[in-house]
Amino acid sequence: NSTVQYSATNSAANVNVAATTYNSLQLSGAETYDLAGSLTTTNALTGNLTIDSGATLDATASNYSISLAGNWANSGTYTTRSNTVTFTGNATSHQTVTTAGQAFNNFTINNTQATYDQAIISGALDVNGTLTITDGNLKLDTNNPTVNIAGNVSIGSIGTWTKGTGAVTFDGITAATYTDSTATKQNIGAVTINKTDTVAPATNNKLTLASSMTVDTMTIDGTVGSA
């Protein structure tokens, strides 16, 4: 259960984070750390990812992805690109995702654990791409964060969404699709559709339901064409 810590301060260039096998990874100091490869498959984190205050983790223009079994603890800056962060879970505790309000691109929960299957969100959850719950539980009622999603939402047949009191907003400037494949559709809470494209609003400012959607309330907002 070791932790590898990268610690630097204002070095001459960004510091590369090697794509290799880690348990837990910690980034410290007033420095930008560039992923040098994806931390997935054989290089997936078996423990936590910690971004300390002052540190920046950049997925880089190569769009390197991250998969982790432990907690995501961000008190610094996470620069997402067109990548995916996947939460896979572990056999001893639920996962906590501390966002510091930093956006993700694609956000995936694929947790096959029978007991510890929750991704507990702390801080606003902002997903610029797709939110996917293949297996496991997106747990929002512990800290009641707001949720913003610009892309598609896909809830697999054994995925679950535990709503909080924070608003769920479908935003962005591209059309999106919502799919809930569970037998009993998940109640995702108070929903707002607020797509704001001004170039082709009739095409882009819409959320298509590929299944039933269960909500407490729904507000349709944004520019002309939202639907």
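Residue numbers run from 1 in the order of the sequence given.
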Self-check item: Among Thr214, Asp216, Asp141, the one residue meeting side chain to side chain donor-acceptor pair (under 3.5 Å) with Lys163
Solution: Asp216

Self-check item: Heavy-atom closest contact (Ala19 atom, Gly37 atom, distance)
Solution: CB-CA, 3.6 Å

Self-check item: Pairwise distance CG(Leu39) to OG1(Thr21) - rounded to 0.5 angstrom
Solution: 9.5 Å

Exercise. Would you check if Tyr33 and Ile51 make a side-chain contact, meaning some heavy-atom pair closer than 4.5 Å?
Key: no

Self-check item: Distance-only polar pair, side chains of Asn83 and Thr80, donor-acceptor under 3.5 Å
Solution: yes

Exercise. May I ask whether Ile220 and Tyr178 are part of the same hydrophobic cluster, defined by side-chain heavy atoms of I, L, V, M, F, W, Y residues being less than 4.5 angstrom apart, directly or through others?
Key: yes

Quiz item: What heavy-atom pair brings Gly136 and Ile109 nearest, and what distance separates the two atoms?
Solution: CA-CG2, 4.2 Å

Quiz item: Are the side chain of Asn48 and the backbone N or O of Asn71 linked by a donor-acceptor pair below 3.5 Å?
Solution: yes

Practice problem: Taking the side chain as every heavy atom from C-beta outward, state whether Asp58 and Arg81 have any pair of such atoms under 4.5 Å apart. | Solution: yes

Exercise. Evaluate the criterion side chain to side chain contact (heavy atoms under 4.5 Å, CB included) for residue pair Thr130 and Thr84; output intermediate values, then yes/no.
Key: CA-CA 9 Å; Thr130 297; Thr84 299; over 6 Å; no

Quiz item: To the nearest 0.5 Å, how far apart are CD in Gln5 and OG1 in Thr50?
Solution: 9.5 Å

Self-check item: Check: Asn105/Asn128 side-chain N/O donor and acceptor closer than 3.5 Å
Solution: no

Quiz item: How far does OG1 of Thr88 sit from CG of Asp117, to the nearest 0.5 angstrom?
Solution: 12.5 Å

Quiz item: Quick one: do the Asp52 and Ser28 side chains pair a donor with an acceptor below 3.5 Å?
Solution: yes

Exercise. Report yes or no: do Ile193 and Ile173 belong to one cluster of Ile/Leu/Val/Met/Phe/Trp/Tyr joined by side chain heavy-atom distances under 4.5 Å?
Key: no

Quiz prompt | Interatomic distance, Leu27 atom CG to Thr77 atom OG1 [nearest 0.5 angstrom] | solution = 11.5 Å

Quiz prompt | Selection residues 119-130 - residue pairs positive for salt bridge (charged side-chain N to carboxylate O under 4.0 Å, His left out), sequence neighbours left out | solution = none

Quiz item: Can you name the closest pair of heavy atoms from Ala91 and Gln113 and give their distance?
Solution: CA-OE1, 3.4 Å

Quiz item: Does any N or O in the side chain of Ser24 come within less than 3.5 Å of the main-chain N or O of Thr3, such that one atom is a donor and the other an acceptor?
Solution: no

Practice problem: Measure the spacing between OG1 of Thr174 and CG of Asn205 and express it to the nearest 0.5 Å. | Solution: 9.5 Å

Quiz item: Taking Ser62 for the side chain and Tyr64 for the main chain, is one N or O donor matched with an acceptor at less than 3.5 Å?
Solution: no

Quiz prompt | Flag, side chain of Asn106 to backbone of Gly129, donor-acceptor distance under 3.5 Å | solution = no

Quiz prompt | Stepwise side chain to side chain contact (heavy atoms under 4.5 Å, CB included) check, Gln95 with Asn90 | solution = CA-CA 8 Å; Gln95 290 182 276; Asn90 62 81; 4.3 Å; yes

Quiz item: For the ring pair Phe107 and Trp72, is the centre-to-centre distance below 6.0 Å?
Solution: no

Quiz item: Is there side-chain contact between Gln186 and Met213, with heavy atoms separated by less than 4.5 Å?
Solution: no

Practice problem: Apply the test side chain to side chain contact (heavy atoms under 4.5 Å, CB included) to residues Val97 and Thr99: give CA-CA distance (whole Å), side-chain angles for both, the deciding distance (0.1 Å), then the verdict. | Solution: CA-CA 6 Å; Val97 183; Thr99 70; 4.1 Å; yes

Quiz item: Backbone N or O of Thr40 within a donor-acceptor pair of the Ser67 side chain at under 3.5 Å?
Solution: no

Quiz prompt | Non-hydrogen atoms of Lys185 and Ser212 that approach each other most closely | solution = CG-CB, 4.0 Å

Quiz prompt | Polar side-chain atom of Asn187 near backbone of Gly189 as donor-acceptor pair, under 3.5 Å | solution = yes

Quiz item: Transitively linked via ILVMFWY side-chain contacts under 4.5 Å: Trp161 with Val215?
Solution: yes

Self-check item: Interatomic spacing from OG1 in Thr96 to NZ in Lys139 - rounded to 0.5 Å
Solution: 11.0 Å

Exercise. Kindly indicate whether the side chain of Thr192, heavy atoms from C-beta on, has any atom under 4.5 Å from the side chain of Thr169.
Key: yes

Quiz item: What do the steps show when you test Thr162 against Asn137 for side chain to side chain donor-acceptor pair (under 3.5 Å), and what is the final call?
Solution: CA-CA 7 Å; Thr162 303; Asn137 173 233; 2.9 Å; yes

Quiz item: Between Leu49 and Ile66, is any pair of side-chain heavy atoms under 4.5 Å apart?
Solution: yes

Quiz item: Under a single-linkage definition using a 4.5 Å side-chain heavy-atom cutoff for Ile, Leu, Val, Met, Phe, Trp and Tyr, are Val15 and Tyr78 assigned to the same hydrophobic cluster?
Solution: yes

Exercise. Please check if the side chain of Thr132 supplies one atom and the backbone of Thr134 the other of a donor-acceptor pair under 3.5 Å.
Key: no

Quiz item: Should Thr108 and Phe87 count as side-chain neighbours, where that means a heavy-atom distance under 4.5 Å?
Solution: no

Quiz item: Between the side chains of Ser11 and Glu31, does any donor sit under 3.5 Å from an acceptor?
Solution: yes

Quiz item: Quick one: are Leu57 and Tyr6 in side-chain contact, heavy atoms under 4.5 Å?
Solution: no

Practice problem: Looking only at non-hydrogen atoms, find the nearest pair between Ala100 and Ser75 and report the distance. | Solution: CB-CA, 4.4 Å

Quiz item: Do the side chains of Ile120 and Val147 join up, straight or via other hydrophobic residues, at under 4.5 Å, putting them in one cluster?
Solution: no

Contacts table for residues 148-159: side-chain donor-acceptor under 3.5 angstrom, sequence neighbours left out:
from	atom 1	to	atom 2	distance (Å)
Asn148	ND2	Asp171	OD2	3.1
Asn152	OD1	Thr177	N	2.7

Self-check item: side chain to side chain contact (heavy atoms under 4.5 Å, CB included) between Leu138 and Ile121, intermediate numbers included
Solution: CA-CA 8 Å; Leu138 177 65; Ile121 308 301; 3.7 Å; yes

Quiz item: Could you walk me through whether Asp221 and Asn194 pass the side chain to side chain donor-acceptor pair (under 3.5 Å) check?
Solution: CA-CA 5 Å; Asp221 202 350; Asn194 189 20; 4.9 Å; no

Quiz item: Between Ala18 and Ala36, which heavy-atom pair has the shortest distance, and what is it?
Solution: CA-CB, 4.3 Å

Quiz item: With a 4.5 Å limit on heavy-atom distance, are the side chains of Thr98 and Asn74 in contact?
Solution: no

